[in-house]
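Remember, predicted model here, so these are calculated numbers, not experimental data. Every chain is numbered from 1 and lettered A, B, ... according to where its sequence line falls, protein lines coming before strand lines. Below, each value reflects all heavy atoms present in this structure, side chains not excepted, and no hydrogens, waters or symmetry copies.
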There are 2 protein chains.
Amino acid sequence: MPLNARVFVALTRGKKKKGVWDVRRSGSTIKEVAQKAGVSPMTVSRVLNNQDVVRETTKRRVFDAIRELNYRPSIMARSLANGRSLCVGLLYTNPSHGYLSELLLGTLSACRERQHLLVVDKPDEDLLRRDPQYVEQTFLRSSIQALVVAPPLSEDAEFMAKIAAAEIRYIALGPVHWGNGLSVCIDEIAAAEDMTSHLLELGHRDIGLIRGPAAHAASALRFEGYKRAIEKAGIPVDERLIADGNFDYHSGREAARRLLSGDKKPTAIFATNDDMACGAIGFAYEQGLRIPRDLSVVGFDDSPSAAANWPPLTTIRQPVREMAEIAVGLLDADIMTIAPDQRQRVVPHTLVKRESTRPLLD
Amino acid sequence: MPLNARVFVALTRGKKKKGVWDVRRSGSTIKEVAQKAGVSPMTVSRVLNNQDVVRETTKRRVFDAIRELNYRPSIMARSLANGRSLCVGLLYTNPSHGYLSELLLGTLSACRERQHLLVVDKPDEDLLRRDPQYVEQTFLRSSIQALVVAPPLSEDAEFMAKIAAAEIRYIALGPVHWGNGLSVCIDEIAAAEDMTSHLLELGHRDIGLIRGPAAHAASALRFEGYKRAIEKAGIPVDERLIADGNFDYHSGREAARRLLSGDKKPTAIFATNDDMACGAIGFAYEQGLRIPRDLSVVGFDDSPSAAANWPPLTTIRQPVREMAEIAVGLLDADIMTIAPDQRQRVVPHTLVKRESTRPLLD
DNA sequence: TTGTACGCGTTATCAA
DNA sequence: TTGATAACGCGTACAA
C-alpha cells in the first residue's frame, strides 16, 4: 500500500493536536463520531436524519459523541451521496439594494427548506455585453444546476436566450416570458392602473407620468396601466404630461423639470419607480414647492428610499421575498407537467399609502 | 450483485431521453465525457484543470465531448475530493441594504477566487435572543467551516461568545475584537474626527451631534471622534448640542427636533449615520429650513439613501466591499501565525463631499 | 502523455 | 435495531 494522503493525514492528526484554527480539515467526520460512540457510521447518519428506528440509549451516545467532537456534517458529501439537493444559482446585475435584500431573504429561506445550495452571482455587465462566450464559459465551469434570474437581467433578451441555449433550468423574476422558462411577477399593468386611479380618486386630473427606459419590459406595462386608468376616467392622455427617465434619481429630477416647466403643469406626478420619484421631489423642493401641499408625487417598487425619504412615498410594493420563494419552489417541479398558461406566475401587489399625496384642493 | 441505485439509474437513463428539465440528475458526469472522448476520466480532469501535460488533439476531443454532453463539473464532488475549498458562512441580521449589497459583492468575489462556497444566512433575531440553543443547533446542523459576521451582529457580545465557544473560525466586520478572532474595520474615531473637522473648516462652531445607540460599538467611537475634533479646535463640548438616536430615520427626526428647538441652535448637524441624517433633513424641511443654506447636515456610512436624498449627503464611506474581501482572505490564513496586534485590520475610510454642507456665512 | 487505484464524507440498500 | 457494502463525482499518487 502506498504512503498515500490518508496515511499522511492520519499521522499529522496523531501528532499535532487538531485545533479550531488549523487551516484545513477542522471538522471531524462521521466515522470518528461513530467510533467514539461505539456504533457504525450508518447509525450516526440515522440519528442525524431523525430516523426514529434508533434506540434511545444509542441516540444519546451518538449525540454525546457529536457534541464532544464538535462534529458538523458536510453538505458537500451529503448532497453528493443522496443527489437530492440542487445547486441553485441566483443571478442579478443591478437591482435596487432593497430589492436585492428581499430577494436574498426569499431565495435563502426557500433553499434552506429544500436543502439546496444557494450560490449567488453578480455577472460582470461589461463582459456580459462584450464577450459572447462569457455566459457559456461561466456556466461551463460552474456546477450550477438551476438558475433564478432577477430583473433587470431577466429582461435582457440576448442573455436569456443564452441561458435557454445552455440547457439549464431557470426561473425569471419579472414581467417576462422566455421560451419554455417559468417566471414570477406581479401584474404591472394592474398595479400602475391602481396607482393612477388612486391619484384620480384624490381629485387629480392632470397627472404627470415619468416613464422608465424602453429596455425594461416593466416600463411599457406601467405606462399602459397609467393610460388605461386615465382613459377610464374619461380624460384624454396628454403627451405634455409624459416624460422619460431611466429609473435613477437624476433622470427623475430632469423629468420633473420638464414636466413642471411646461405649459401644462401636473398637480400630481406618478414616477414609475421610487428613485425617480425621489428625484422629482428633490427638484420640487428646489423650486420652493412643498410636497404634498403643492404637488403629489408617487413612486413604484417600495424601495427603502421610499420610506426613508421626506415625505415618505406612496408607492407600489412587490412581494419580492415571496416571489423569490415561489421561484425556488418552481425549480423543483417538473416543468413539463406545468401547463403553458401556468408558466407565468402572477402574485398580488400592494398599494402602500404614505404621505407624499393628498387630495387636490380646488 | 444487488439491483442497486446505479443500475436503476442506468436503466432509466437508457429508456427515457434525459432532458434539461428532468427533475434531478440533469448533468452528465466526468465518466460519460471520458467515454465519449475515448479517454480516461483522469484525462478529462486534467483538461479541466488546465494541466498542460495533455496532448492538443486529446484536449480538443475532450472539449468536444464536454460541449456535446453539456457537462458541468460538480463543485460538491470537487471540493470533497481535494479538500481545498472552505464552506464559508456569511452572517448578517439587519445592516442597511446598501451595506448588504456591497458586503455580498466582496465576499462573493473573494470566495470565487479561492473556490470557496459562500453560504449566506440571516439568523432570526428573535430566536437569537430567546433560544439559547439556536446558534448551537444551527451550526451543528450546517457544515459551515468558517464565518464572516457583519455588524450589528458582530457587535453582539453574547452572540460572539457563542460563536467562539462553537469552535468555528470567524472574522468579525466592524470595530470590535473578540477573543482570538480577527476583525476588519475602519478607524471610526478618526473618521468621525475627519467629518467634524470638515464642518469646522467650513466655519461652523456650533455643531450638533446625533449619537447612535449605546448597543453599537460604533456609537461611542464616533462620539469620541467628534469630541476630539471639537476640543482640538478649542471649543468646549456642549451637552445641549448632543442628542441621541438609534440609527433609524424616525429617531433622526426627533433628535433634530430637540436640537433645533433648544436654546443653543446648531448651524450644522453631524448625524452619525445616513438614515438619521435623512430624518434630520426631513424635520428641517418641515420647519421651512433649506439645506444647506440654513443648516448643514452630514451623515455617516454612504448608504444608498445618502446619494438619493435631496440634497445628496456629505458622508463617510467605508470600503465595505474591500473589507469583505480582506475578511474572506483572512479566513485562509493560519490565525496563530498572525501577531495579536495584527488581528484587527484597519482599512482607510473616505470623506465623500456632496451637497448637504456649505460654508457658514456670517 | 495517459491510465489505475483509491480516498474524500456521506447516504441507500440489503442483510443480519 | 444495527451494520456492511457500494455508490455519489471528482482529484491525488503512482505506475505504465
Side-chain angles (χ1 to χ4, degrees), chain A residues 1-10 13 24-35 37-59 61-62 66 69 71-85 87 115 141 143 145, chain B residues 1-10 24-35 37-59 61-62 66 69 71-85 87 115 141-143 145:
Chain A
M1 188 215 272
L3 179 75
N4 58 23
R6 184 67 195 145
V7 175
F8 177 69
V9 169
R13 285 195 177 180
R24 300 290 165 200
R25 308 235 35 74
S26 55
S28 2
T29 74
I30 201 172
K31 266 186 211 166
E32 296 171 319
V33 173
Q35 199 167 7
V39 297
S40 78
M42 201 45 232
T43 303
V44 177
S45 171
R46 276 190 269 256
V47 170
L48 257 67
N49 296 297
N50 299 318
Q51 296 191 12
D52 286 331
V53 278
V54 187
R55 191 184 298 152
E56 268 307 316
T57 56
T58 317
K59 234 182 198 169
R61 283 215 313 282
V62 170
I66 287 178
L69 291 174
Y71 165 76
R72 272 186 287 278
S74 145
I75 0 165
M76 323 244 199
R78 176 172 290 175
S79 348
L80 189 58
N82 72 10
R84 213 166 289 153
S85 42
C87 183
Q115 307 238 52
R141 280 251 166 258
S143 65
Q145 300 162 292
Chain B
M1 189 217 269
L3 177 76
N4 58 24
R6 183 69 197 146
V7 175
F8 176 68
V9 169
R24 300 290 165 197
R25 309 233 35 73
S26 53
S28 3
T29 75
I30 201 172
K31 265 187 214 167
E32 296 171 321
V33 174
Q35 200 168 6
V39 297
S40 79
M42 200 43 236
T43 303
V44 178
S45 172
R46 275 190 269 256
V47 170
L48 256 67
N49 297 299
N50 298 318
Q51 296 189 13
D52 286 331
V53 279
V54 187
R55 191 184 296 154
E56 267 308 318
T57 55
T58 316
K59 233 181 199 167
R61 282 217 314 281
V62 171
I66 287 179
L69 291 174
Y71 166 76
R72 271 186 285 279
S74 144
I75 4 161
M76 322 245 199
R78 176 174 291 175
S79 353
L80 192 58
N82 71 11
R84 213 166 288 156
S85 42
C87 182
Q115 307 238 53
R141 281 252 166 257
S142 100
S143 64
Q145 299 162 293

Enquirer: In Å, rounded to the nearest 0.5 Å, how long is the span from OG1 of A:T43 to CZ of A:R61?
Expert: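 Going from the OG1 atom of A:T43 to the CZ atom of A:R61 covers 9.0 Å.
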Enquirer: Quick check on D:dT1: is either OP1 or OP2 less than 4.0 Å from any side-chain nitrogen or oxygen of A:T43?
Expert: no
Enquirer: I want to verify a distance call: between C:dT2, D:dT1, D:dG3, whose nearest atom is closest to the A:R55 side chain?
Expert: D:dT1
Enquirer: Would one find a side-chain N or O of B:S40 under 4.0 angstrom from OP1 or OP2 of C:dG3?
Expert: yes
Enquirer: Could you tell me whether the side chain of B:T58 reaches within less than 4.5 Å of the side chain of B:R46, counting heavy atoms only?
Expert: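 Counting from C-beta outward, B:R46 and B:T58 never come under 4.5 Å.
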Enquirer: Give a yes/no answer on whether the side chain of B:T58 brings an N or O atom under 4.0 Å of OP1 or OP2 in C:dT1.
Expert: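 For C:dT1, OP1/OP2 do not have a side-chain N/O of B:T58 under 4.0 Å.
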Enquirer: Does A:R78 place a side-chain N or O at less than 4.0 Å from the phosphate oxygens OP1/OP2 of C:dT11?
Expert: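 Result: yes.
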Enquirer: Return no unless some side-chain N or O of A:S45 is found under 4.0 Å from OP1 or OP2 of C:dT11.
Expert: yes
Enquirer: When you get a sec, tell me which of D:dA4, D:dG9, C:dT4 is the closest nucleotide to the side chain of B:M42?
Expert: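 From the listed options, C:dT4 comes nearest.
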Enquirer: Among C:dT2, C:dG9, D:dC10, which is the nearest nucleotide to the side chain of A:A77?
Expert: C:dG9
Enquirer: Which nucleotide wins on minimum distance to the side chain of A:N49, given the candidates C:dT2, C:dT11, D:dG3?
Expert: C:dT11
Enquirer: Could you spell out the base pairing of DNA chain C as a dot-bracket line? Use Watson-Crick and G-U wobble contacts where both distances are under 3.5 Å, [ ] for crossing pairs, | for partners on a different strand.
Expert: ||||||||||||||||
